[in-house]
A.B. asks: 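One structure is given below, represented as structure tokens, and several questions about it will come after.
Counting starts at 1 for both ligands and their atoms, following the listed order.
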Amino acid sequence: MVVEPVVVAVWAMLPAYVPNNAAVLVGGGRPIDGGRALPDGNRLFGDGKTWRGTAAGTAAGVAVALVLNLLEPAATGATGLGLPVFPVHAAVALALGAMLGDILASFLKRRTGRERGASFPGVDQLDFVVASLGLTLLVASEWFLATFTLPVLVVVAILTPLLHVVTNAGAYVLGLKSEPW
Ligand code: CTP
Ligand code: MG
């Protein structure tokens with residue numbers, strides 16, 4: 001059945017999808033790089049990566065996982081699907097990994113001379129997923145392997161760029177983001 005991997009993928013990735021959007025809403029204040037530039041003359045990360053956005057994004061992702069844990073018995077009962085419950089370390093890894101991936105993408109953008117807000121096709125859409133899943137594999141291997149089976153990973157690979165494009169375009173239309181990526 002194709003429904004199960006799709007539902008499991010969305011459920012398991014929600015704690016990774018939410019942080020970037022929460023950072024857009026709450027971000028601002030002191031940049032993580034403190035304004036420092038590297039010898040190439042470009043900022044380490046730039047003004048778009050702030051302590052407040054990173055902390056709020058991570059907290060929002062973890063909060064989403066905890067809410068999903070509360071909903072899981074009812075959701076499993078209603079659908080009969082094997083939905084995952086998030087151990088706390090997996091929830092933190094998914095959310096923090098997403099934020100770290102986004103910061104790493106900004107690092108790469110600055111090294112390639114891209115200004116804050118410039119698009120970096122491919123990297124913009126996948127940075128946070130790769131980092132989120134990578135960190136979760138490292139710190140919660142058993143849970144990761146039980147949850148992210150091959151069909152689920154295939155769905156994540158297809159769905160993530162789509163969702164990313166749609167949510168960022170939506171945030172742009174709503175005036176929350178200054179560029180549609
Ligand atoms: N944001 C933040 N902290 C983060 C990530 C995002 O405060 N760790 C906030 C910033 O206000 C940022 C906005 O969310 O401007 C949009 O995020 P993003 O598109 O990732 O940043 P950009 O400003 O486009 O910068 P970059 O070119 O580095 O991606
Ligand atoms: Mg951007």
A.B. asks: Val7 vs Leu83, test: side chain to side chain contact (heavy atoms under 4.5 Å, CB included). Steps then yes/no.
C.D. replies: CA-CA 8 Å; Val7 176; Leu83 297 169; 3.7 Å; yes
A.B. asks: Give the residue and atom name of whichever protein heavy atom lies nearest to atom 19 (O) of ligand 1, and the separation in Å to one decimal.
C.D. replies: Lys177 NZ, 2.7 Å
A.B. asks: Does anything in residues 88-126 pair up under ring pair (Phe, Tyr, Trp, His ring centres under 6.0 Å), and if so which pairs, sequence neighbours excluded?
C.D. replies: none
A.B. asks: Using heavy atoms and a threshold below 4.0 Å, how should the contact between Asp102 and ligand 1 be classified: side chain, backbone, both, or neither?
C.D. replies: side chain
A.B. asks: Checking a contact table here: which protein heavy atom is nearest atom 21 (O) of ligand 1, and how many Å away?
C.D. replies: Lys49 NZ, 3.4 Å
A.B. asks: Determine whether more than 12 heavy atoms belonging to other residues, nucleotides or ligands lie under 6.0 Å from atom CZ of Arg111.
C.D. replies: yes
A.B. asks: Please list the nearest protein heavy atom to atom 7 (O) of ligand 1 with its residue and the distance rounded to 0.1 Å.
C.D. replies: Thr50 OG1, 2.6 Å
A.B. asks: Please list the nearest protein heavy atom to atom 29 (O) of ligand 1 with its residue and the distance rounded to 0.1 Å.
C.D. replies: Lys109 NZ, 2.9 Å
A.B. asks: Quick one: which ligand 1 atoms are inside 4.0 Å of a heavy atom on Gly53?
C.D. replies: 2 (C), 3 (N), 7 (O)
A.B. asks: What do you reckon, does Gly117 have a nitrogen or oxygen under 3.5 Å from a nitrogen or oxygen of ligand 1?
C.D. replies: yes
A.B. asks: Which residue supplies the protein heavy atom nearest to atom 23 (O) of ligand 1, what is that atom called, and how far is it?
C.D. replies: Arg116 NE, 3.0 Å
A.B. asks: In a check of side-chain contact (heavy atoms from CB on, under 4.5 Å) between Leu66 and each of Leu70, Leu68, Asn69, which one passes?
C.D. replies: Asn69
A.B. asks: Can you find a heavy atom in the side chain of Val26 that is under 4.5 Å from one in the side chain of Arg52?
C.D. replies: yes
A.B. asks: Nearest 0.5 angstrom please: Arg116 CZ to Asp47 CG, how far?
C.D. replies: 5.5 Å
A.B. asks: Is ligand 1 under 4.0 Å from a heavy atom in the side chain of Arg110, in the backbone, in both, or in neither?
C.D. replies: side chain
A.B. asks: Between Gly48, Gly27, Ala98, Ser106, flag the one that comes closest to atom 4 (C) of ligand 1 by a heavy atom.
C.D. replies: Gly48
A.B. asks: Side chain to side chain contact (heavy atoms under 4.5 Å, CB included) between Thr54 and Ile103: does it pass, once the steps are laid out?
C.D. replies: CA-CA 9 Å; Thr54 306; Ile103 292 168; 4.0 Å; yes
A.B. asks: What is the closest protein heavy atom to atom 8 (N) of ligand 1, and at what distance does it sit?
C.D. replies: Thr54 OG1, 2.9 Å
A.B. asks: Could you identify the single nearest non-hydrogen protein atom to atom 14 (O) of ligand 1 and state the distance to 0.1 Å?
C.D. replies: Val24 CA, 3.3 Å
A.B. asks: Looking at ligand 1, would Gly28 count as a contact under a 4.0 Å heavy-atom criterion?
C.D. replies: yes
A.B. asks: Pick one of side chain, backbone, both or neither for how Arg52 approaches ligand 1, counting any non-hydrogen atom pair under 4.0 Å.
C.D. replies: neither
A.B. asks: In a table with atom names and distances, give each donor-acceptor pair under 3.5 Å that connects a side chain of residues 160-173 to protein atoms at least two apart or in another chain.
C.D. replies:
unit_1: Thr160; atom_1: OG1; unit_2: Tyr17; atom_2: OH; d: 2.7
unit_1: Thr160; atom_1: OG1; unit_2: Val156; atom_2: O; d: 2.6
unit_1: His164; atom_1: ND1; unit_2: Asn168; atom_2: ND2; d: 3.1
unit_1: His164; atom_1: NE2; unit_2: Asp124; atom_2: O; d: 3.2
unit_1: His164; atom_1: NE2; unit_2: Asn168; atom_2: ND2; d: 3.1
unit_1: Thr167; atom_1: OG1; unit_2: Leu163; atom_2: O; d: 3.0
unit_1: Thr167; atom_1: OG1; unit_2: His164; atom_2: O; d: 3.2
unit_1: Asn168; atom_1: ND2; unit_2: His164; atom_2: O; d: 3.0

A.B. asks: Heavy-atom distance under 4.5 Å between the side chains of Thr136 and Trp143, does that happen here?
C.D. replies: yes
A.B. asks: How far is atom 9 (C) of ligand 1 from its nearest protein heavy atom, and which residue and atom name does that atom have?
C.D. replies: Ala23 O, 3.3 Å
A.B. asks: If you round to the nearest 0.5 Å, how far is CG of Leu38 from CZ of Phe45?
C.D. replies: 8.5 Å
